[in-house]
Amino acid sequence: MLQVLYIFIPMLAAIFVPFLYKSIKNIHTGWFVLAVPATLAIIYASYIPKVADGEVFLEELPWIPSLDISVVSYIDGLSLLFSLLITGIGSLVVLYSIFYLDKHKEKLHNFYVYLLLFMTAMLGVVQSDHLITLYFFWELTSISSFLLIGYWYNRDASRLGALKSMMITVGGGLMMLGGFILLYLMGGTYSIRELIVMAPNLVQDPLFTWSLVLILLGAFTKSAQFPFYIWLPDAMEAPTPVSAYLHSATMVKAGIYLVARFTPIFAASELWIWLVTGVGILTLFWGSFFAVKQTDLKGILAFSTVSQLGLIMSLLGASAVAFHGNGATDSIKFAAFAAIFHLINHATFKGSLFMIAGIVDHETGTRDIRKLGGLMSIMPLSFTVAAIGSLSMAGLPPFNGFLSKEMFLTAMLALQNFEFFGFDTWGALFPIIAWVASIFTFIYSFYFVFRTFTGKYTPEKLPHKPHEAPIGMLISPMILAALVVTIFFIPNFVGDTFVKPAVQAIQPFLYDSPKDIDIHVSAWHGITPELLMTIGIVIIGVLLFVALPKWQSIYEKFPRALTLNNAYDKIMLGLDVGLNRVSRLYMTGSMRHYLLYMFSSIAAIVIGSLFVKDAFTVSFQDTAPIRPYEIILVVVLVIGTSITILAKSRLTAIIGLGAVGYTVALFFVIFNAPDLALTQLVIETISVALFLLAFYHLPKLGKREERMRFQLNRAIVSIAVGVMVTLIALSAQSQKLIPTISKYYEETVYSKAGGGNIVNVILVDYRGFDTLFEITVLAIAGMAILAMIKLRMNRKEKSHENK
């Protein structure tokens with residue numbers, strides 16, 4: 001039970017945040033929140049030794065047993081790694097936010113509630129073994145990230161960025177849900193572990209390819225892969241702690257996690273390998289190329305994040321080749337290792353860089369790189385951290401990014417050696433694109449750090465006089481920068497402890513235990529093609545960076561009309577205009593029109609269904625004889641209804657309506673249902689009294705008569721509704737398509753509900769909530785009417801006093 005509870009601890013803690021914010025003003029709310037991710041990080045760290053030995057932990061909490069839905073927490077190497085990133089980086093982000101967000105100016109209770117809600121959502125995503133609960137947490141990440149991105153909701157850019165991120169990620173999530181349902185239809189289980197076991201049999205199912213594509217749509221939208229990446233740059237309008245948390249270490253990695261977790265199921269498919277690898281390498285190039293165009297520090301990091309996510313995605317695609325044998329296992333087995341290793345490295349250097357971008361913005365008042373420069377002597381600690389993170393992102397030693405970048409190049413070179421799936425032809429493009437993209441990665445890394453901290457200092461362009469950030473704001477990025485350097489010198493400790501257990505979870509058919517993975521990370525392998533490619537990246541990268549002012553203008557040649565952002569804006573604008581036009585056609589403000597639409601639709605659907613399904617039958621067998629007083633009551637009903645509709649006086653209409661209600665009560669008496677008759681009498685008496693009370697205070701009807709013109713469409717709809725009700729009544733009496741539920745009530749009313757009167761038990765027990773809500777609605781309506789009457793009487797009294 002505790003293992004499942006850990007997931008919900010942040011959400012439970014969020015309940016108390018508003019009270020702490022309002023009651024304790026002198027202490028920053030973040031100090032209380034910091035204890036939540038820090039404690040969870042320690043708890044999850046206790047799992048490391050056993051998980052490193054290959055042990056897994058499973059715990060289930062029933063949620064909706066009737067639908068076979070449970071919250072299943074499954075901790076293996078992959079989910080533990082992500083849980084540590086979520087809580088570990090989360091702790092550093094909360095610490096950073098304490099000094100970044102002013103406790104007097106910001107609505108901290110909102111910020112930390114959203115952040116803790118997001119933390120629970122991410123823990124649920126990476127630990128869920130149940131497809132439906134995984135989807136639930138998945139969409140919870142979209143909702144909570146929407147709230148975080150739009151935290152400064154008074155800014156148009158924040159609202160639009162939050163909306164774009166939610167529209168794209170939620171849309172992809174719905175596609176992913178479709179894929180999950182197809183998986184369930186194929187395997188007959190919601191358990192991911194069980195689906196992995198039966199993966200060899202699922203490949204032949206005709207639904208397999210549809211499920212694969214739909215799930216990848218969910219992963220690609222969440223991880224900002226091409227062409228869905230456009231939401232991520234706009235999401236940079238969020239506060240920097242949000243960017244450092246969501247867009248470097250957690251939310252954007254959810255799609256990476258999904259691909260990694262489902263690789264054992266779909267790796268047998270050629271389409272999976274080509275889509276994941278191809279989209280990943282294209283995203284790598286696209287993001288790195290356009291990162292150089294950006295002038296906003298966070299914009300540069302946003303496109304670099306897109307690029308780095310594409311790198312990890314392409315490695316996961318390449319790792320699926322290892323499932324096909326034919327010598328592939330030995331030559332490409334390290335691709336999954338490289339993907340996870342770079343995922344860790346990216347979280348460290350990109351998290352630190354986002355925090356530095358926030359520090360520069362906080363201390364200078366701008367993130368515009370065209371106004372910055374010469375800050376190295378003013379902000380030496382910030383420059384040091386930025387240099388470490390940027391050089392690691394560029395793939396230079398002695399930083400951790402160099403190690404995983406070399407492994408990435410090795411994997412791309414290896415792809416062209418496989419003769420199956422066409423890699424021996426088109427596979428040659430992968431190392432070429434990877435090399436070109438790495439050059440642009442080198443350029444934007446240098447562009448970020450040296451254009452900000454070196455060059456000419458122009459204080460007249462800065463809104464604030466810059467100075468070094470307070471030490472509290474520097475602690476978190478300095479810790480991440482220290483990890484960047486440390487991992488370079490102890491890569492195999494990180495590999496054995498964190499990476500190999502995750503790889504074993506991704507490739508369970510290849511390795512029985514993390515100890516079976518014989519991969520050794522080293523910074524020097526001699527003169528290899530990868531080293532020569534790196535030397536070429538550095539040489540060409542330096543030359544292009546130095547000449548950047550001469551060729552950066554090429555980005556202006558791209559017309560905005562052809563951009564994906566413009567396509568998104570056109571689609572959203574078209575939908576807005578088109579749907580407004582449609583809504584204006586039927587939203588006329590007339591209640592008669594609305595009733596006309598509803599009644600005609602209902603009549604068409606019901607009557608059509610009765611005849612299409614051949615569900616209409618008329619039979620007068622076993623019917624009771626119609627007695628004279630029943631005919632009299634029917635006549636009274638017709639007369640009462642006619643009076644209600646045609647009356648020119650409100651009082652007459654109310655009397656006619658009351659006559660209809662009381663006549664129905666008499667029918668209940670005749671049909672031996674005294675309890676229903678009593679209920680009807682009570683309700684009818686109250687309703688008539690309320691009508692009289694309300695209409696007493698309304699002005700009298702005018703003497704002028706208005707002739708209502710005959711309208712054929714309304715007559716047709718009225719007749720259709722009457723025919724529909726008649727057909728339903730006759731058909732229900734004449735046939736039974738499904739067994740009646742009355743037998744169930746007869747058998748269980750006493751044994752399960754403990755009552756003797758079937759009707760009473762149905763109302764109070766079987767339909768207890770329905771009855772309760774009906775009473776609640778009546779009570780609310782009565783109070784509303786009473787309030788309106790008192791308000792009217794008070795106005796009259798005031799008007800008399802004024803006179």
Side-chain angles (χ1 to χ4, degrees), residues 114 118 121-122 125 138-153 155-177 215-259 279-280 282-284 286-291 293-294 296-310 312-313 346 350 354 357 367 560 562-576:
Y114 303 156
F118 175 81
M122 278 302 304
V125 166
W138 184 276
E139 296 296 35
L140 189 59
T141 63
S142 297
I143 295 171
S144 52
S145 65
F146 167 81
L147 295 171
L148 285 166
I149 295 169
Y151 170 69
W152 285 320
Y153 55 84
R155 304 179 183 178
D156 290 339
S158 295
R159 295 196 304 271
L160 293 174
L163 179 62
K164 180 183 284 189
S165 69
M166 189 173 72
M167 292 294 292
I168 294 176
T169 58
V170 169
L174 288 173
M175 299 297 104
M176 184 188 74
L177 176 61
I215 289 175
L216 281 183
L217 282 174
F220 289 164
T221 52
K222 187 73 81 173
S223 284
Q225 298 298 288
F226 184 91
F228 308 108
Y229 72 90
I230 56 174
W231 68 265
L232 185 57
D234 286 12
M236 292 301 109
E237 291 298 326
T240 298
V242 174
S243 301
Y245 191 43
L246 273 65
H247 307 136
S248 68
T250 54
M251 177 183 170
V252 290
K253 301 286 177 62
I256 299 293
Y257 167 81
L258 193 74
V259 171
V279 171
L282 175 61
T283 304
L284 167 65
W286 195 270
S288 62
F289 179 73
F290 282 99
K293 175 187 177 182
Q294 309 306 311
D296 183 283
L297 290 181
K298 287 175 69 175
I300 298 170
L301 295 179
F303 276 90
S304 74
T305 299
V306 170
S307 177
Q308 298 293 310
L309 291 171
I312 300 171
M313 192 69 77
H346 178 260
K350 187 57 65 65
F354 266 116
R367 299 196 307 259
R560 190 186 183 282
L562 299 179
T563 61
L564 290 169
N565 271 305
N566 184 66
Y568 171 86
D569 293 339
K570 292 288 186 183
I571 291 172
M572 295 301 294
L573 181 62
L575 288 173
D576 186 42

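Sequence positions, counted from 1, serve as the residue numbers for this chain.
- Taking the salt bridge (charged side-chain N to carboxylate O under 4.0 Å, His left out) definition, one finds that Arg155 meets it with nothing, sequence neighbours left out.
- Proximity of Thr305 to His346: side-chain heavy atoms (C-beta onward) are separated by under 4.5 Å at one or more points.
- The salt bridge (charged side-chain N to carboxylate O under 4.0 Å, His left out) contacts involving residues 215-224 comprise nothing, where partners must be two or more places apart or lie in separate chains.
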Can you give me every donor-acceptor pair (side chain of residues 230-237, partner residue at least two apart or in another chain, under 3.5 Å) with its distance?
| from | atom 1 | to | atom 2 | distance (Å) |
| --- | --- | --- | --- | --- |
| Trp231 | NE1 | Thr221 | O | 2.8 |
| Asp234 | OD2 | Lys164 | NZ | 2.8 |

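- The CG atom of Leu177 sits 10.0 Å away from atom CD1 of Ile215, with the distance rounded to the nearest 0.5 Å.
- The nearest pair of heavy atoms linking Thr250 to Met122 is O-CE, 3.6 Å.
- Between the Ser288 side chain and the Leu284 main chain, a donor and an acceptor come within less than 3.5 Å of each other.
- Side-chain atoms of Tyr229 and Leu564, non-hydrogen and from C-beta on, do get closer than 4.5 Å to each other.
- For Phe290, the ring pair (Phe, Tyr, Trp, His ring centres under 6.0 Å) test picks out Trp286, Phe558, with sequence neighbours left out.
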Practice prompt. Test Ile149 against His247 for side chain to side chain contact (heavy atoms under 4.5 Å, CB included), laying out the working first.
Written response: CA-CA 11 Å; Ile149 295 169; His247 307 136; 4.2 Å; yes

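- Across all non-hydrogen atoms, the minimal contact from Ser243 to Ala238 is OG-O, 4.0 Å.
- Expressed to the nearest 0.5 Å, how far OH of Tyr153 lies from OG of Ser158 amounts to 11.5 Å.
- Listed here is the closest heavy atom pair of Val306 and Gly287: CG1-CA, 4.2 Å.
- Contact of the Lys253 side chain with the Leu309 side chain is registered, since non-hydrogen atoms from C-beta on lie closer than 4.5 Å.
- Within the 4.5 Å cutoff, the side chain of Tyr257 has heavy atoms near those of the Val125 side chain.
- Residue Leu160 holds its CG atom at 12.0 Å from CE of Met167, rounded to the nearest 0.5 Å.
- Atom-to-atom distance recorded for Phe228:CZ and Tyr568:OH is 13.0 Å, nearest 0.5 angstrom.
- At least one side-chain heavy atom of Glu139 sits under 4.5 Å from a side-chain heavy atom of Val170.
- Ala291 and Ser304 get closest at one heavy-atom pair: CB-N, 4.2 Å.
- At a threshold of 4.5 Å between non-hydrogen side-chain atoms, the residues Phe220 and Thr283 do not count as touching.
- For Asp576, there are no salt bridge (charged side-chain N to carboxylate O under 4.0 Å, His left out) partners two or more places apart in sequence or in a different chain.
- Phe118 pairs by the ring pair (Phe, Tyr, Trp, His ring centres under 6.0 Å) definition with Tyr245, not counting sequence neighbours.
- Ser223 places a side-chain N or O within 3.5 Å of a backbone atom of Val252 that can act as its donor or acceptor partner.
- To the nearest 0.5 Å, the span separating CD1 on Ile143 from OG1 on Thr169 amounts to 9.5 Å.
- Separating the OG atom in Ser142 from the CE atom in Met251 is a distance of 5.0 Å, to the nearest 0.5 Å.
- Nearest heavy-atom pair across Val259 and Ala219 is CG2-CB, 3.7 Å.
- When all heavy atoms are compared, the tightest approach of Lys350 to Leu301 is NZ-O, 3.9 Å.
- Counting heavy atoms from C-beta outward, Thr240 and Lys298 have side chains that approach closer than 4.5 Å.
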